[in-house]
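First up is the structure itself, then whatever we jot down about it.
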Amino acid sequence: MKIAQAHLLVNDQDAAKAFYTEVLGLEVETDYAAGDFRWLSLRAPGPDGGASLVLGRAEGAGLAYQQATRESGTPAFSLTLTGGTEEFERIRDRGATVVIEPTRQQHGGTDALIDDTVGNIICLHQD
């Protein structure tokens, strides 16, 4: 078994697409719209890009959940950086707003938190 998709609620799918592709470097897997429905999924580049990240609109109870998660300071998900400190600096240089600078964790690795501009906090982890 493996995880195929993870869903993330966002306030604006166009802004999310821009942030996740231009700042984080993910690639569009699917961008399909039909009426009010839009399926937008992204993947990390390369043959082993892992699970798809599906960016869905935050509405109703989903919006309330997204806001509560953010207000609690809880990251929506975590990305493991494979390019070390340089990869984090490239993300910062491309415009990511850093919420918490890279900090060594007692459980191992280093974590930084960034704002994805569309309602979520994202953890960037380095081993």
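Atoms considered below: every heavy atom in the structure, side chains included; atoms not considered: hydrogens, waters and symmetry mates. This structure is a prediction, so every number in the text was calculated from the model and none was measured.
- If you take NE2 on H7 and OG on S41, they are separated by 9.0 Å, rounding to the nearest 0.5 Å.
- Annotation: side chain of D31 is not in contact with side chain of W39 (no heavy-atom distance under 4.5 Å).
- The residues E29 and R43 are annotated as salt-bridged, a charged nitrogen and a carboxylate oxygen being separated by less than 4.0 angstrom.
- Residues Q105 and D111 share a closest heavy-atom pair of CG-OD2, 3.6 Å.
- Residue D93 qualifies as enclosed at atom CG: its count of foreign heavy atoms under 6.0 Å is above 12.
- Once rounded to the nearest 0.5 Å, the distance linking CG of L55 with CZ of F19 reads 11.0 Å.
- Between the side chain of Q126 and the backbone N or O of T85 there is at least one donor-acceptor pair closer than 3.5 Å.
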Check your understanding: What do the steps show when you test K17 against L40 for side chain to side chain contact (heavy atoms under 4.5 Å, CB included), and what is the final call?
Key -> CA-CA 8 Å; K17 180 180 177 181; L40 176 58; 3.9 Å; yes

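- Side-chain contact annotation: Q5 with S52, donor-acceptor N/O pair under 3.5 Å absent.
- Residue Y32 qualifies as open at atom OH: its count of foreign heavy atoms under 6.0 Å is 12 or below.
- Hydrophobic clustering (ILVMFWY, side-chain heavy atoms < 4.5 Å, transitive): Y65 and V54 are in distinct clusters.
- If you chain together hydrophobic residues whose side chains sit under 4.5 Å apart, V10 and L63 never meet in one group.
- A donor-acceptor contact shorter than 3.5 Å links the side chain of E87 to the backbone of T82.
- Nearest heavy-atom pair, P75 versus L113, reported as atom, atom and distance to 0.1 Å: CG-CD2, 3.7 Å.
- Counting only heavy atoms from C-beta outward, the side chains of I91 and L124 approach each other to under 4.5 Å.
- Hydrophobic clustering of Ile, Leu, Val, Met, Phe, Trp and Tyr side chains at less than 4.5 Å, counting indirect connections, unites L42 with L24.
- Cluster membership for Y20 and L81, using ILVMFWY side-chain heavy atoms within less than 4.5 angstrom, is shared.
- Ion pair D14/R38 flagged as a salt bridge, since at least one NZ, NE, NH1 or NH2 atom sits closer than 4.0 Å to an Asp/Glu carboxylate oxygen.
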**Study point:** Verdict with reasoning, R70 to D115, per salt bridge (Lys or Arg N to Asp or Glu O under 4.0 Å)
**Key:** CA-CA 9 Å; R70 181 185 176 85; D115 182 334; 2.7 Å; yes

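- Under the 3.5 Å distance criterion, the side-chain polar atoms of Q66 are left unmatched by any main-chain donor or acceptor of L8.
- The backbone N or O of L9 lies less than 3.5 Å from a partner atom in the side chain of N120, making a donor-acceptor pair.
- Residues P102 and R92 come closest through the heavy atom pair CD-NH2, 4.5 Å.
- Of the possible polar contacts, one joining the T103 side chain to the E101 backbone as a donor-acceptor pair under 3.5 Å is found.
- Counting heavy-atom neighbours within 6.0 Å of F77 CZ, excluding the residue itself, gives a total above 12.
- Note on L53: it clusters hydrophobically with V28, by side-chain heavy-atom contacts below 4.5 Å among ILVMFWY residues.
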